[in-house]
S.K.: 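Below you will find the structure I want to go over with you.
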Amino acid sequence: MYSPRQTPPVPPPKPSSSNDPSRISTPASNSPGPRPPPQLPSETNSLPSRIEAPQPIPDPGPQWLPRYLQDKAKPDLATLLQDPDLLSALVHSPQTIHPSLAASHHALQTALAENIRLASHLLELEGRVVSARAATSAQLLSARALERQWRAKQGEMDAALAPFAPASLYQRLAAGVGEQEGVCRALEESFLAGEGGGDGKVAGEREVAEWVRGYREAKKLAYLRRERKERWDEGRVGGWR
């Protein structure tokens, strides 16, 4: 059997450059979404087949008379022609009607009965459609309410994740670089002030070693922060730019 070619899935989008981390991906919801509207049962098999027309019977022509009138005198026939009700009764009476007219009446009655049945069937379908429409409207309102709830939750999530957004992290990194450089300058100034002080005291070897160790750690941290900021500015930070 022929198998249609499978379409490969669409690759995931690249990280967005927006400062809003919640717009990168939408979390999957564990709650079931609104159910689809109820389906109407198939009515294909219940539709009536086309009514087959009976074989036509030749029209007898204008000279035809019912058997009941064939032996009547002309004055009687003239009287009959002057009474439309009596003439119609004779033409359509089951005992005197012509077979072609009877067949036409039968086809008409069959068509009328079929139309009545179809009208009743359509009324039943209309009731089902109205019920399905009401159910669909209720589900649509429920879906809109869930959408509003999700937007509110998404706003709360955005507010909670705002400190971890790329813009906030970059501002904190830039502030950390300046802060650490200030710490290094303060250490340098404190060392120079101790060496040139008027009290005549000279720092001991242990104090100098501790200052060197602390200054080295401060400079190392300042270098790392400055390097990270430079990498960010150059676009070498994956997933942020």
Side-chain angles (χ1 to χ4, degrees), residues 4-37 136-241:
R5 182 180 302 174
Q6 299 293 333
T7 304
V10 180
K14 296 182 179 180
S16 174
S17 59
S18 172
N19 295 335
D20 187 356
S22 65
R23 297 299 187 267
I24 297 177
S25 61
T26 302
S29 174
N30 294 328
S31 60
R35 294 177 299 175
T136 303
S137 300
Q139 293 179 3
L140 179 60
L141 293 176
S142 176
R144 289 178 176 175
L146 291 176
E147 182 180 4
R148 289 192 296 269
Q149 294 177 7
W150 163 245
R151 292 187 182 276
K153 292 294 184 181
Q154 189 176 33
E156 297 176 0
M157 180 183 65
D158 293 344
L161 295 178
F164 305 97
S168 299
L169 293 177
Y170 182 80
Q171 292 176 359
R172 290 166 57 186
L173 179 58
V177 171
E179 178 184 354
Q180 193 61 27
E181 290 179 351
V183 171
C184 293
R185 287 193 300 269
L187 288 175
E188 294 172 358
E189 293 174 357
S190 66
F191 180 78
L192 295 176
E195 287 292 330
D199 53 3
K201 294 182 179 180
V202 179
E205 182 179 354
R206 180 178 180 182
E207 294 177 350
V208 172
E210 291 179 356
W211 181 89
V212 170
R213 183 171 60 252
Y215 182 75
R216 183 180 298 171
E217 293 295 332
K219 289 294 289 185
K220 178 181 178 180
L221 183 56
Y223 172 78
L224 290 176
R225 290 182 178 180
R226 186 167 56 252
E227 177 66 17
R228 291 170 183 171
K229 184 176 180 300
E230 291 176 357
R231 289 174 61 88
W232 196 316
D233 294 337
E234 296 173 2
R236 294 185 291 161
V237 178
W240 298 110
R241 300 177 69 87

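Keep in mind it's a predicted model, so treat the numbers as computed, not measured.
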S.K.: Among residues at least two apart in sequence or on other chains, which ones pass side chain to side chain contact (heavy atoms under 4.5 Å, CB included) with Leu141?
M.R.: none

S.K.: Would you say the side-chain atoms of Ser190 pair up with the backbone N or O of Ala186, donor to acceptor, closer than 3.5 Å?
M.R.: yes

S.K.: What residues form a side chain to side chain donor-acceptor pair (under 3.5 Å) with Arg216, not counting sequence neighbours?
M.R.: none

S.K.: According to side chain to side chain donor-acceptor pair (under 3.5 Å), who are the partners of Glu210, at least two apart in sequence or on a separate chain?
M.R.: none

S.K.: Can you sort out the partners of Glu230 under salt bridge (Lys or Arg N to Asp or Glu O under 4.0 Å), two or more places apart, ordered by chain and number?
M.R.: none

S.K.: According to the salt bridge (Lys or Arg N to Asp or Glu O under 4.0 Å) rule, which pairs have a member within residues 163-172, sequence neighbours left out?
M.R.: none

S.K.: Looking only at heavy atoms, which two atoms of Ala218 and Leu187 are closest? And how far apart?
M.R.: CB-CD1, 3.8 Å

S.K.: Can you sort out the partners of Glu181 under side chain to side chain donor-acceptor pair (under 3.5 Å), two or more places apart, ordered by chain and number?
M.R.: Arg226

S.K.: Kindly write out the residues that satisfy ring pair (Phe, Tyr, Trp, His ring centres under 6.0 Å) with Tyr223, not counting sequence neighbours, or none if the list is empty.
M.R.: none

S.K.: For Gln171, give me all partners under side chain to side chain contact (heavy atoms under 4.5 Å, CB included), at least two apart in sequence or on another chain.
M.R.: none

S.K.: Identify, with sequence neighbours excluded, every residue that meets side chain to side chain donor-acceptor pair (under 3.5 Å) alongside Glu217.
M.R.: none

S.K.: Are side-chain heavy atoms of Asp233 and Tyr170 found at a separation under 4.5 Å?
M.R.: yes

S.K.: After noting the C-alpha distance and the side-chain angles of Gln149 and Lys153, does the key distance pass the side-chain contact (heavy atoms from CB on, under 4.5 Å) rule?
M.R.: CA-CA 6 Å; Gln149 294 177 7; Lys153 292 294 184 181; 5.5 Å; no

S.K.: Determine the minimum heavy-atom distance between Cys184 and Ala222, stating which atoms define it.
M.R.: SG-CB, 4.1 Å

